[in-house]
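One structure is given here, and the rest of the page talks about it.
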2 protein chains.
Amino acid sequence: MKMQINCTLGLRVSPYLREKDAMTRIDHRTKKLTTALRSAGVRITRQRAALLTILAEADDHPEAVELQRRAEEAVPGISLSTVYRTLTELEAQGVILRHQFEGTPARFEHTETQHHDHMIDVETGEVIEFANDRIEQLQAEIAEAMGYDIVHHRLELYVRKKGAANPDE
Amino acid sequence: MKMQINCTLGLRVSPYLREKDAMTRIDHRTKKLTTALRSAGVRITRQRAALLTILAEADDHPEAVELQRRAEEAVPGISLSTVYRTLTELEAQGVILRHQFEGTPARFEHTETQHHDHMIDVETGEVIEFANDRIEQLQAEIAEAMGYDIVHHRLELYVRKKGAANPDE
DNA sequence: ATTCGTGCAAAACGTTTGCAATAAT
DNA sequence: ATTATTGCAAACGTTTTGCACGAAT
């Protein structure tokens with residue numbers, strides 16, 4: 001019996017797209033997003049535009065300070081409060097997801113990819129994405145059987161590369 | 001095809017045991033535990049004895065302040081730092097587990113039951129335990145296929161009772 | 001012109017730590 | 001007697017908030 005695993009390894013943009021096409025695609029999506037946000041009553045300031053672009057381009061899961069650092073070029077002096085406020089707003093608008101992995105500040109990713117869960121390499125902190133439909137289905141069945149609807153869920157595998165040194169310490 | 005779900009609903013003590021027997025059982029386990037801890041070089045103070053007992057008796061997932069509150073009777077004036085230090089120590093000794101659910105302080109439970117995951121009722125904050133071997137197995141297969149060993153994992157379903165009011169707000 | 005968003009500083013929050021006093025071994 | 005543990009207060013790291021100024025609509 002063959003095991004079915006859909007896995008995405010942190011690649012956000014299809015590899016066969018050339019860099020320039022990828023950028024165009026991100027720009028396009030970001031432009032559409034800002035329009036949508038504006039008509040939801042959210043003012044698009046330089047700070048927010050910068051953060052939106054950075055989040056669209058990010059192929060990792062940056063935390064707030066890192067986002068501030070990356071935004072600094074486009075918006076010198078951008079404050080951490082603004083970063084946090086913007087992230088909260090974008091999360092509320094469904095544009096990004098906030099992940100609270102163990103032992104780190106919250107990390108963020110935009111919501112353009114389909115649903116996936118995360119493996120966190122406890123040695124390196126690297127975040128690897130994966131998806132498995134069967135697990136999703138089982139979760140739904142469990143909740144259903146117990147009389148609940150799932151609002152959202154969170155599955156995190158804290159892992160170590162096979163044969164990695166320091167099993168402890 | 002019948003779905004297989006093992007589920008434990010926060011009941012820590014078998015319901016057919018009378019209250020007194022349950023207490024005896026907890027006392028017995030706690031006594032054994034303190035002995036084990038002592039020979040691991042951990043001094044059993046009044047504070048720690050109290051917390052061990054409270055954790056053994058708890059059929060919920062209390063947080064640190066709540067544990068302090070419950071310990072207050074046995075050890076008046078017990079400090080929150082002591083509670084936290086004890087919890088850290090007991091976690092290191094494998095006696096308890098620390099859960100960081102969304103939007104709440106860490107919550108603790110002792111490690112006497114077999115492994116399970118958690119559903120959190122987003123309306124009430126109630127924590128419901130469940131176990132599903134198939135999901136565990138799938139997780140292991142995914143990690144394996146990607147070349148990782150699982151150190152630990154975390155699966156949390158944030159749920160709402162079917163037909164509950166206030167789907168928002 | 002009217003909001004809404006910003007930066008700053010300060011507070012909030014849960015948790016950890018340095019220390020001198022105290023209790024367990 | 002020795003050493004670990006305690007309570008207190010102060011610090012910590014992350015995140016939120018009050019406020020007066022500035023910018024987007």
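Chain letters run A, B, ... following the sequence lines, proteins first and then strands; every chain starts at 1. If you're wondering where the values come from, they're calculated on a predicted model, not measured in any experiment.
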N/O contacts under 3.5 Å, protein versus nucleotides 22-25 of chain D?
unit_1	atom_1	unit_2	atom_2	d
dA24(D)	N3	Arg43(A)	NH1	3.2
dT25(D)	OP1	Arg38(A)	NH1	2.6

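- Remark: His118(B) engages His61(B), His99(B), Phe101(B), His116(B) in a ring-ring contact (aromatic ring centres under 6.0 Å, His included) (not counting sequence neighbours).
- Side-chain contact annotation: Glu72(A) with Gln68(A), donor-acceptor N/O pair under 3.5 Å absent.
- Judged purely by atom type and a 3.5 angstrom limit, Thr111(A) uses its side chain to pair as donor or acceptor with the backbone of Val95(A).
- Glu144(B) is linked by a side-chain hydrogen bond (donor to acceptor under 3.5 Å, both in side chains) to Lys162(A), counting only residues two or more places apart in sequence or in another chain.
- Legend: residues meeting side chain to side chain contact (heavy atoms under 4.5 Å, CB included) with Val122(A), ordered by chain and number and at least two apart, are Tyr158(A), Arg160(A), Val151(B).
- Listed by chain and residue number, nothing satisfies the side-chain hydrogen bond (donor to acceptor under 3.5 Å, both in side chains) test with Thr34(B) (two or more places apart in sequence, or in another chain).
- Residues of residues 90-106 of chain A that place a heavy atom closer than 4.0 Å to DNA chain D, in numerical order, are Gln100(A), Pro105(A), Ala106(A).
- Taking five base pairs at each end of the helix from dA1(C)-dT25(D) to dT25(C)-dA1(D) and finding the rotation axis that steps the C1' atoms of four pairs onto the next four gives two axes whose angle is 30°, to the nearest 10°.
- Qualifying side-chain hydrogen bond (donor to acceptor under 3.5 Å, both in side chains) partners for Arg43(B), counting only residues two or more places apart in sequence or in other chains: none.
- With sequence neighbours excluded, no residue forms a side-chain hydrogen bond (donor to acceptor under 3.5 Å, both in side chains) with Tyr84(B).
- Taken residue by residue, residues 68-83 of chain A places heavy atoms nearer than 4.0 Å to DNA chain D at Leu80(A), Ser81(A).
- Read 5' to 3', the first and last nucleotides of DNA chain C with an atom closer than 4.0 Å to a heavy atom of chain B are dG14(C) to dT25(C).
- Under the side chain to side chain contact (heavy atoms under 4.5 Å, CB included) criterion, Ser79(A) pairs with Ser81(A), Thr82(A), not counting sequence neighbours.
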